[in-house]
Structure formats: structure tokens, C-alpha cells
Amino acid sequence: MASIVEKQLFKSLFSFFLLVLLFDTVYSSRKTLDQKKPCKHFSFYFHDILYDGDNVANATSAAIVSPPGLGNFKFGKFVIFDGPITMDKNYLSEPLARAQGFYFYDMKTDYNAWFCYTLVFNSTEHKGTLNIMGADLMMEPTRDLSVVGGTGDFFMARGIATFVTDIFQGAKYFRVKMDIKLYECY
């Protein structure tokens, strides 16, 4: 009788300690994120000059698909770009990175684009990449896109890239201020 009680007590204590050990392991491995304080914060300018047939030397993007007759909001237009990222508004400033990727207009009733690109850093200050993607609701004053990863100095980074249109000259040229806040840095 005593051996049955001892076995039951041993099983109960063993189970309790096992649960405590598992809980402690899971709890201690979670990384807490402070959403109010980013681990890294940058502000850059993205410049885009769309190729129009005459500006081969200055163009940083080209429309690959531009279907006619699908509305007044460029719906279906697909643009690939490789544009400079600068610290200031001047297009001719020394680029600290390149934005390489694409966007396409995905709304028939308003101007809206979906961006997917990589910021490629190759400077003395930073090396590596940041991957950004998301919807750019162009008529909003600010738009948030997701930072979904990175390499090098930005290994596995996650955060938010806030867009603010700084200047817009029709389809020919636009400049966007990107305020990048990383909340997960390794």
C-alpha cells in the first residue's frame, strides 16, 4: 500500500517539476518587443525616375506591363526599379543604398500600389539588406509598409517603413521619405 502511494507521489512530483521546467524554458526563450522604442531608426529618401523613352541615362525604373483601358488609376501597371537611397532630398547626393524591386498598381478606383523591394546597403556605415513589402495607399498622408527581414547588419530585422510622399511630378518622378523603425534586431 505504501509503495503505491509513494509511486503516485513520485509521479505527481515528477510531472510538476517537468511542467515547471517546460514553462521556464518557453517563458525565458520569448523575446519581448518594446513597440514604443525601436532598436534602430533611420530616415532616407527614395528617388524614382520612370523611363519615358528619352531619359535612358537618368531613369531608375521602367514600366514592364502597362495595360490600356483599365481605368484612370493605372490599374495593372507593373514597374521594376533600381533607385538610389539618399540621406537628403538631393537626387545627386551620394547614395547610401539602392532600392531594388517592383511595384504594381492594384486598385481600379483609386491610386494604390503594392511594393516589394530590397534596400541594398554597401557603404562604410552599413552592409547588408532590408526587405520591405506592403500596400502603398498613395492618397494617404503616411503609409506603413512591413520590414520583413534582412541580412548582414540587419540580419532577420523586422519593423515598419513609413512612407511620406515628399514630391510627386506625375508619372515622371517622385521622391518618398522613408522613416524606418526596426523593432526586432539581432
Side-chain angles (χ1 to χ4, degrees), residues 38 40-150 153-154 157-182:
K40 289 186 181 178
H41 183 209
F42 309 100
S43 288
F44 306 131
Y45 288 89
F46 167 61
H47 306 266
D48 186 71
I49 301 172
L50 188 62
Y51 175 69
D52 65 2
D54 293 328
N55 61 349
V56 120
N58 290 329
T60 61
S61 64
I64 303 305
V65 177
S66 190
L70 290 175
N72 297 328
F73 300 101
K74 300 183 186 181
F75 179 74
K77 186 173 189 175
F78 190 93
V79 177
I80 295 178
F81 60 88
D82 179 10
I85 300 296
T86 62
M87 290 294 290
D88 59 19
K89 296 179 179 187
N90 187 348
Y91 171 74
L92 299 175
S93 293
E94 183 71 27
L96 68 117
R98 305 254 348 140
Q100 298 172 336
F102 62 88
Y103 60 90
F104 56 87
Y105 293 92
D106 61 349
M107 193 174 202
K108 289 171 84 174
T109 58
D110 205 352
Y111 288 105
N112 186 56
W114 195 84
F115 275 79
C116 182
Y117 65 99
T118 300
L119 293 179
V120 180
F121 293 87
N122 192 12
S123 65
T124 55
E125 193 173 342
H126 299 292
K127 295 224 182 288
T129 64
L130 272 177
N131 301 310
I132 300 171
M133 64 175 49
D136 181 8
L137 308 170
M138 294 176 179
M139 295 298 116
E140 297 295 322
T142 63
R143 293 90 66 195
D144 289 332
L145 281 74
S146 301
V147 176
V148 296
D153 293 346
F154 309 104
R158 287 179 181 71
I160 296 293
T162 302
F163 279 16
V164 176
T165 302
D166 187 57
I167 192 168
F168 179 75
Q169 297 174 346
K172 197 126 173 129
Y173 174 76
F174 68 85
R175 180 176 57 229
V176 172
K177 181 178 182 187
M178 292 188 300
D179 190 41
I180 298 174
K181 295 177 184 171
L182 302 178

So which atom in Ser61 and which in Phe81 form the shortest heavy-atom distance, rounded to 0.1 Å? CB-CB, 3.6 Å
Looking at every non-hydrogen atom in both residues, tell me the closest pair between Pro95 and Thr86 and how far apart they are. CA-CG2, 4.3 Å
Heavy-atom closest pair (Phe154 atom, Leu182 atom, distance to 0.1 Å) is CD2-CD1, 4.0 Å
Heavy-atom count check: over 12 atoms from other residues, nucleotides or ligands less than 6.0 Å from Lys177 NZ? no
Do Phe115 and Tyr103 have ring centres separated by under 6.0 Å? yes
For Phe44 and Phe42, take the angle between the two ring planes, folded into 0 to 90°, and tell me which bin it lands in: parallel under 30, tilted 30 to 60, perpendicular over 60. parallel
Checking the side chain of Arg98 only, and the main-chain atoms of Val120 only, is there a donor and an acceptor separated by less than 3.5 Å? no
Main chain of Lys89, side chain of Arg175: is a donor-acceptor contact present, judged purely on distance under 3.5 Å? yes
Do you know which of Asp153, Thr129, Ile85, Leu130 makes side chain to side chain contact (heavy atoms under 4.5 Å, CB included) with Phe121? Leu130
Atom CG of Asp54 and atom CG of Asn58: how far apart are they, to the nearest 0.5 Å? 11.5 Å
Heavy-atom neighbours of Glu125 CD exceed 12 at 6.0 Å: no
Euclidean distance, Leu137 CG relative to Thr142 OG1, rounded to 0.5 Å: 10.0 Å
Using the ring of each side chain (for Trp, its six-membered ring), is Phe102 parallel, tilted or perpendicular to Phe78, with breaks at 30° and 60°? parallel
I need the minimum non-hydrogen distance between Tyr91 and Pro84, along with the two atoms involved. CE1-CG, 3.6 Å
Can you tell me if Thr60 and His47 form a side-chain donor-acceptor pair at under 3.5 Å? no
Going by the rule side chain to side chain donor-acceptor pair (under 3.5 Å), which residues pair with Ser146 if we only count those two or more places apart in sequence or in a different chain? none
Atom of Lys74, atom of Tyr105 and distance for their closest heavy-atom approach: O-CB, 3.1 Å
Which value, rounded to the nearest 0.5 Å, describes the distance between Gln169 atom CD and Leu50 atom CG? 12.5 Å
Using the side chain to side chain contact (heavy atoms under 4.5 Å, CB included) definition, which of the options Val147, Thr118, Leu119 pairs with Asn131? Thr118
Could you work out, with side-chain contact (heavy atoms from CB on, under 4.5 Å) as the rule, every residue matching Met133, not counting sequence neighbours? Trp114, Cys116, Val148
Working to the nearest 0.5 angstrom, can you tell me the gap between Lys181 NZ and Ser43 OG? 8.5 Å
Ala99 and Tyr117: which non-hydrogen atoms are nearest, and at how many Å? CB-CD1, 4.1 Å
Check: Tyr111 ring centroid to Phe168 ring centroid under 6.0 Å: no
Enumerate donor-acceptor pairs with a distance under 3.5 Å from any side-chain N or O in residues 157-164 to protein atoms, sequence neighbours excluded.
{"unit_1": "Arg158", "atom_1": "NH1", "unit_2": "Met156", "atom_2": "O", "d": "3.0"}
{"unit_1": "Thr162", "atom_1": "OG1", "unit_2": "Asp144", "atom_2": "OD1", "d": "2.6"}

